[in-house]
Amino acid sequence: MVPLSWYLMLAAFLFSCGLYGALARRNAIAMLMGIELMLNAANINLVAFWRHGVGPMEDLTGQAFAVLIIGLAAAEAAVGLALIIAVYRERRTIDVDELDILSG
Amino acid sequence: MQLPLGVEVPIPTFEQFVFIQVALLTAVAALAVVMSRNLFHSALALTLTFFGVAGIYVFLEAEFLAVSQVLVYVGAIAMLIAFAIMLTRSMMYGRTSPLNNQWGKSSLFALLFFMGLLAFARATPWPSAGEPVVADEALIAELGREFVTTYVVAFEVLGLLLLLALVGAVMLARDR
Amino acid sequence: MQITQWSDVLSGWLMGMGLPGWAAIAIVYGVGSFILINYGMLSVLLLIWITRKAISRMQDRIGPNRVGKYGLLQTVADAAKLLSKEDITPYQADKIAYNLSPVLAVSGVLMLLAVVPFAPGLSGVDLNIAALYIVALGSIGIMAALMAGWGSNNKYALLAGFRVVAQLLSYEIPLVLAILTVVLLTGSMRFGNIVEIQSLHVAGFNLGLGWLGIVMPGALIVFFISSLAEAELTPFDLLEAESELIAGFHIEYSGMKFAMFFLAQFLNAWILAAVGVTLFLGGWQGPGVGLPVIGPLLGLGYFMIKVYGIYVLQQWIRGTFPRIRIDQMMSFAWKVLVPLMIGLILIQAIIQKLPTPVAIQYVLIFIANVGVMAVVAYVLQKYFREEQIRTKRSFEPKSLIGAMQVSDEGTMY
Amino acid sequence: MAKPLRFCETIDMQPREKTRLQRVQTFPIRNRYAILSREFVKFHTNGFSAMLSQYFFILVMSGLAVVLPVSAIVMGHFLGPRRPDEIKNDIYESGVETIGETWVQFRAQYYLIGLVFVVFDVEALFLFPIAVAYQQLEMFAVFATIFFVLLLVIGLLYDWRKGALEWQ
């Protein structure tokens, strides 16, 4: 049996990778990839706690919400990438350092 | 198993051994996602990460979730990301640093965050898993039943969200 | 002892040799998957031969007839030739994507063989989610096409990759929805169950003719059309539109890598036929599969006959129909097949909740299928007639010959 | 409770211990459909549960499914000649020399198709477990499902009206 802490450590690593990617990358799509990594890490945690919780056969909340989050991630990626494409069409760049029209 | 420095490491069972392989693959792929200079290679590594996470779900005996992971993340999201990379390929691509000017601070922050989570995960006495999950379709059927009974609000809101995403994203991305 | 118990025998023997349990299991699984994969890769030799023979007969040719009896070894010769070809990598290709793509294309298709039920008791694994597994692994092929297009550093390859991906995505939705109707009716995603349900017991004898395709002809037809598109066969073979896109996203590939794409394409057509047979045409079901000894062999025979029959039907269509335009193809998926399937699913969902016996529900589902198909056929026919009239009108001679006529002023214009 | 639809009554329902899941009626697993029988799996897998051993087969098979094509390609690589030259390795464009960057801009139409696909893919994914449980659902749940589908139908109709499904 794989102990719960192993899953949590893997999820922590994925989350930190995603955090670094979302904060440090210059390209908007790369930032979005970081966010996807973070969502995956959160999902691993949800499912791991479901499996090791009171009764995986009794309470399906963890798994149900993981599936809902997958659906949510799909919607988020669709809208996010559409925004990026729209911005690219206006400004011909998706470098977030150059997208500073709001900065005073 | 005795390591040189006198550290005692328990010999993993076969299941744990396979898990370590899958987890290492996932972790290396995730690192490649944020480290790769080539954006398309990042997307490929991201696809590999998604597969690895699907493998982790299988280890947790959530097979429906594993197949949804492959279906939605690999089949849909990774493909959308690859499309978007190809559509927004700018001339500056690959010639400047992929990192912005706050990468030092962010890497430090991410590292500290990881250390904290790691310490927390190792220090807490977690419960061990109960009996194995039944291996027939009852679990999937129960999941489907829960969607339209217990979590019906979340389910319908997700449907609404998908509708809005369809409408909004199509308006945003259209050629005008 | 059944023939299907070979794995237990082998692993028992291995354990007797003193191997630990996991090693025995790994070896047995390795042998099983090796057999499956080699079946997949070698059956392509036969599939290509069938294709060439069938198409050449339709075109009033003989087809391959030199190498081996009836030209059966022609494909082996072709494979040997491809093996000795130079392996070319174009300048500035994205090495990772370029080299990974053919492998992914093949292995994504080969993995589908794991869940195909060949005969009673003969399949790789009987997953609980086999129906979704088929759909999910289809996405690997999509990624492979994108990677090949991007990695080749070629405009045409990338354009073809985009178009192929758009086509595969569009037709995946009707395919998934057609599978969903089966799951809705049977309440199971396991192929073992889905095949078992399609038996028909008359006086204790399994006739094996309770095929779901009889109950849901509409879903069957939609599945077949979308599987044609997913396999990139002729009405939808924009992949090989030589006149427009040279050869598709694998234009820059040569030698074995090209052979891999070829292999994936033929095997994909076969596997989609196998999935269609499993879901709608009873899989290995047929008269007498319940018999004790001969049953599994009969089942294997029925399955193979059905699958190769569907394969030949696909090739027949390939040899007969013209290629359609990409805009027509997209419109057909999104404006005909998807609404049709959603309508069918909604109607079927309502019928299955009616307080009637199961047999009457089946009859109602059949009537609904036929009715919806008839409505769609009528609307399409009307649309095409209007389209025809419009096209004719726009090609009516106005300017050229009209200008030749003498105008009212009496001068030639 | 409505009985599951089937042509035959050969599948026997075995009584099992009562858990919450027993509300949901599904078909029991028949051993003879897997490459290994279930008893064998329980007996010898050294810690693997039945489900995990099934997916272990998938893992082994995916390994082989990658290794065998790779070995074929590597074999072809070594068997074939290797005489690269400038013209041969150039990009094939029907004999015309390549002009400009390869990675030219493409229309967003392809992205739109991907977008509509994603939404419908997710919708179909959610409908699958509901379809498995459909025999046991009450009327309220059925209406919730139909409402979910109709929401997506609205989206499809909207895109149809706005011309996002047209291929320009």
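No hydrogens, no waters, no symmetry mates; every other heavy atom, side chains included, goes into these values. So you know, we letter chains A, B, ... as the sequences are listed, proteins then strands, and number each from 1.
Contact record, A:Leu19 with B:Ala110: CD2-CA, 4.2 Å, taken as the closest heavy-atom pair. Looking at every heavy atom in both residues, A:Ala75 comes nearest to B:Leu162 through CB-CD2, 4.1 Å. Counting all heavy atoms, side chain and backbone alike, B:Ser42 lies closest to A:Met33 at CB-SD, 3.8 Å. What you find for B:Gln16 and A:Trp6 is that their closest heavy atoms are CB-CZ3, 3.8 Å.
Here B:Phe19 and A:Tyr7 bring their ring centres to under 6.0 angstrom of each other.
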Inset, instruction - Walk me through it: do A:Asn40 and B:Gln69 pass the test side chain to side chain donor-acceptor pair (under 3.5 Å)? - result: CA-CA 9 Å; A:Asn40 264 292; B:Gln69 169 88 10; 2.8 Å; yes
Legend entry - CA sep, side-chain torsions, deciding dist, call: A:Val67, B:Phe147, side-chain contact (heavy atoms from CB on, under 4.5 Å): CA-CA 10 Å; A:Val67 181; B:Phe147 280 144; 3.8 Å; yes
Inset, instruction - Start with the C-alpha gap between A:Tyr88 and B:Leu87, add the side-chain angles, then the distance that decides, and say whether side-chain contact (heavy atoms from CB on, under 4.5 Å) holds. - result: CA-CA 9 Å; A:Tyr88 178 77; B:Leu87 285 171; over 6 Å; no
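Judged by distance alone, with hydrogens and angles left aside, the side-chain atoms of B:Arg122 form no donor-acceptor pair with the main-chain N or O of A:Ser5 at under 3.5 Å.
In terms of heavy-atom pairs under 4.5 Å with chain A, the best-connected choice from B:Val170, B:Val157, B:Thr124, B:Val53 is B:Val53. Your options are B:Leu112, B:Leu117, B:Leu143, and the one with the most heavy-atom pairs under 4.5 Å with chain A is B:Leu143. Between chain A and the options B:Ser68, B:Ala29, B:Ala62, the largest number of non-hydrogen pairs under 4.5 Å is found for B:Ala62. Among B:Ala76, B:Gly104, B:Gly116, B:Ser107, the residue with the largest count of heavy-atom pairs under 4.5 Å with chain A is B:Ser107. When each of A:Ile85, A:Ile29, A:Leu14 is scored by its heavy-atom pairs under 4.5 Å with chain B, the top score falls to A:Ile29.
The distance from atom CZ of B:Arg145 to atom CG of A:Leu60, rounded to the nearest 0.5 Å, is 10.0 Å. The CD1 atom of A:Ile84 sits 11.5 Å away from the CG atom of B:Leu172 when rounded to the nearest 0.5 Å.
Judged as a ring-ring contact (aromatic ring centres under 6.0 Å, His included), not a single pair has a partner in residues 17-38 of chain A (not counting sequence neighbours).
When heavy atoms are compared at a cutoff of 4.5 Å, A:Leu81 approaches chain B solely by way of its side chain, counted from C-beta outward. Contact annotation for A:Leu72: both backbone and side-chain heavy atoms come within less than 4.5 Å of a heavy atom of chain B. Of the atoms belonging to B:Phe83, not a single heavy atom falls under 4.5 Å from chain A.
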